[in-house]
J.: 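The structure's right below; bear with me while I get my questions together.
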Amino acid sequence: MAQSRYLIIGLGRFGAALAESLAEQGAEVIAIDRDMAMVDAVKQKVAYAIELDATDPQALLSVDPLKCRAAIVAIGENFEATVLTLAALKEVGVRDIVARSRSARESRILQAVGATQVIELEFEMGRTFGKRLIGGAEGQPALGQALKT
């Protein structure tokens, strides 16, 4: 298994930013989405960008997901597609699956379907930004400090 190969499914703002960040850090990124416009937007920034229906286990096998360190389901608005993609990844044998969630209820469902980790973006970003407002977090200046010259 390639320790630096990641499969990103869903190339909206979060998925595209994650794919670009991983690629900038030297990871090999396979980025997939159903929408070719989303694929086109990242194709120059990642190793592979492919238009693909990730809810189809046979289509997933074409990108060899078992050679990835993790698969990240970054689909934002279509919860049904998130669940079906997660199920397809489990069906083909992917072990480490991170899934994006919009609520605690969605998180519980995604964990029940087989996600090994769930990220609630709004919740986690709120906590991170709260820490930054108070006093900085991991190299980030506190609010107001960035405004000083």
Side-chain angles (χ1 to χ4, degrees), residues 1-133 136-141 146:
M1 172 177 19
Q3 289 302 309
S4 63
R5 181 185 288 178
Y6 294 88
L7 174 61
I8 309 292
I9 301 168
L11 300 175
R13 289 184 356 202
F14 172 65
L18 178 61
E20 186 174 343
S21 175
L22 288 169
E24 286 171 354
Q25 295 175 72
E28 181 180 17
V29 175
I30 302 167
I32 64 175
D33 198 291
R34 284 184 179 181
D35 183 343
M36 192 60 195
M38 302 301 242
V39 172
D40 284 339
V42 302
K43 70 181 177 185
Q44 299 299 321
K45 300 172 185 174
V46 300
Y48 305 98
I50 303 160
E51 181 182 15
L52 188 83
D53 178 3
T55 65
D56 178 357
Q58 291 302 315
L60 278 175
L61 287 172
S62 71
V63 297
D64 210 358
L66 298 178
K67 289 189 177 176
C68 295
R69 180 175 187 181
I72 298 91
V73 182
I75 300 167
E77 297 299 318
N78 188 338
F79 186 66
E80 179 182 359
T82 298
V83 171
L84 292 173
T85 297
L86 180 54
L89 288 164
K90 294 299 287 182
E91 185 177 328
V92 299
V94 176
R95 289 185 172 180
D96 292 319
I97 305 169
V98 179
R100 175 187 178 177
S101 167
R102 293 178 301 173
S103 69
R105 182 168 188 258
E106 283 187 3
S107 294
R108 289 190 302 274
I109 293 166
L110 294 172
Q111 288 173 330
V113 175
T116 52
Q117 184 176 351
V118 176
I119 180 170
E120 291 181 47
L121 292 181
E122 288 79 6
F123 175 78
E124 292 192 30
M125 189 59 205
R127 292 186 56 81
T128 299
F129 190 63
K131 289 177 184 177
R132 181 175 173 203
L133 286 171
E138 297 186 31
Q140 295 291 322

J.: Is there a donor-acceptor contact under 3.5 Å from the side chain of Ser4 to the main chain of Ala27?
T.: no
J.: Test side-chain contact (heavy atoms from CB on, under 4.5 Å) on Leu89 and Val73; report intermediate values, then the result.
T.: CA-CA 10 Å; Leu89 288 164; Val73 182; 3.6 Å; yes
J.: Judged by atom type as modelled, is there a donor-acceptor pair below 3.5 Å linking the side chain of Thr116 to the main-chain atoms of Ile97?
T.: yes
J.: Please determine whether the number of non-hydrogen atoms from other residues, nucleotides or ligands lying under 6.0 Å from atom OH of Tyr48 exceeds 12.
T.: no
J.: Just by distance, do the side chain of Glu106 and the backbone of Arg102 share a donor-acceptor pair under 3.5 Å?
T.: yes
J.: Rounded to the nearest 0.5 Å, what's the gap from CG on Leu86 to CD1 on Ile9? Could you check?
T.: 9.0 Å
J.: Less than 4.5 Å apart, any side-chain heavy atom of Phe14 and any of Arg100?
T.: yes
J.: Using side-chain contact (heavy atoms from CB on, under 4.5 Å), reason through Ile119 and Ser101 one step at a time and then give a plain yes or no.
T.: CA-CA 6 Å; Ile119 180 170; Ser101 167; over 6 Å; no
J.: Going from CG on Leu66 to CZ on Arg95, what distance comes out if it is rounded to the nearest 0.5 angstrom?
T.: 9.5 Å
J.: Find the distance between CZ (Arg34) and CD1 (Ile50) and round it off to the nearest 0.5 Å.
T.: 15.5 Å
J.: I would like to know whether Leu110 and Phe79 meet side-chain contact (heavy atoms from CB on, under 4.5 Å); could you show each step before the answer?
T.: CA-CA 10 Å; Leu110 294 172; Phe79 186 66; 3.8 Å; yes
J.: At what distance, to the nearest 0.5 angstrom, does CZ of Arg108 lie from OG of Ser103?
T.: 7.5 Å
J.: Less than 4.5 Å apart, side chain to side chain, heavy atoms only: is that true for Ile30 and Arg5?
T.: yes
J.: Show your working on side-chain contact (heavy atoms from CB on, under 4.5 Å) between Val94 and Cys68 and close with a plain yes or no.
T.: CA-CA 8 Å; Val94 176; Cys68 295; over 6 Å; no
J.: Please give me the minimum heavy-atom distance between Pro57 and Thr55, naming the atom from each residue.
T.: CD-O, 3.4 Å
J.: Answer yes or no: does atom CD of Glu122 have more than 12 heavy-atom neighbours from other residues, nucleotides or ligands under 6.0 Å?
T.: yes
J.: Between Gly10 and Ile75, which heavy-atom pair has the shortest distance, and what is it?
T.: CA-CG1, 4.2 Å
J.: Taking all heavy atoms of Ala87 and all of Val113, pick out the closest pair and write down the distance.
T.: N-CG1, 4.2 Å
J.: Please check if the side chain of Asp33 supplies one atom and the backbone of Leu11 the other of a donor-acceptor pair under 3.5 Å.
T.: yes
J.: Which pair of non-hydrogen atoms, one from Val29 and one from Ala23, has the smallest distance, and what is that distance?
T.: CG2-N, 3.8 Å
J.: Working to the nearest 0.5 angstrom, can you tell me the gap between Thr82 OG1 and Glu77 CD?
T.: 9.5 Å
J.: For residues Asp56 and Gln58, report the shortest heavy-atom separation together with the two atoms involved.
T.: OD1-N, 3.0 Å
J.: Using side-chain contact (heavy atoms from CB on, under 4.5 Å) as the criterion, point out the one residue from Ile32, Asp96, Ile72 that pairs with Leu7.
T.: Ile32
J.: Minimum heavy-atom separation for Ala74 to Gly15, with atom names?
T.: CB-CA, 3.7 Å
J.: Could you measure the distance from the CZ atom of Arg69 to the CG atom of Leu22? Nearest 0.5 Å is fine.
T.: 10.0 Å
J.: So for atom CD, which belongs to Glu124, do other residues, nucleotides or ligands contribute more than 12 heavy atoms lying within a distance under 6.0 Å?
T.: yes
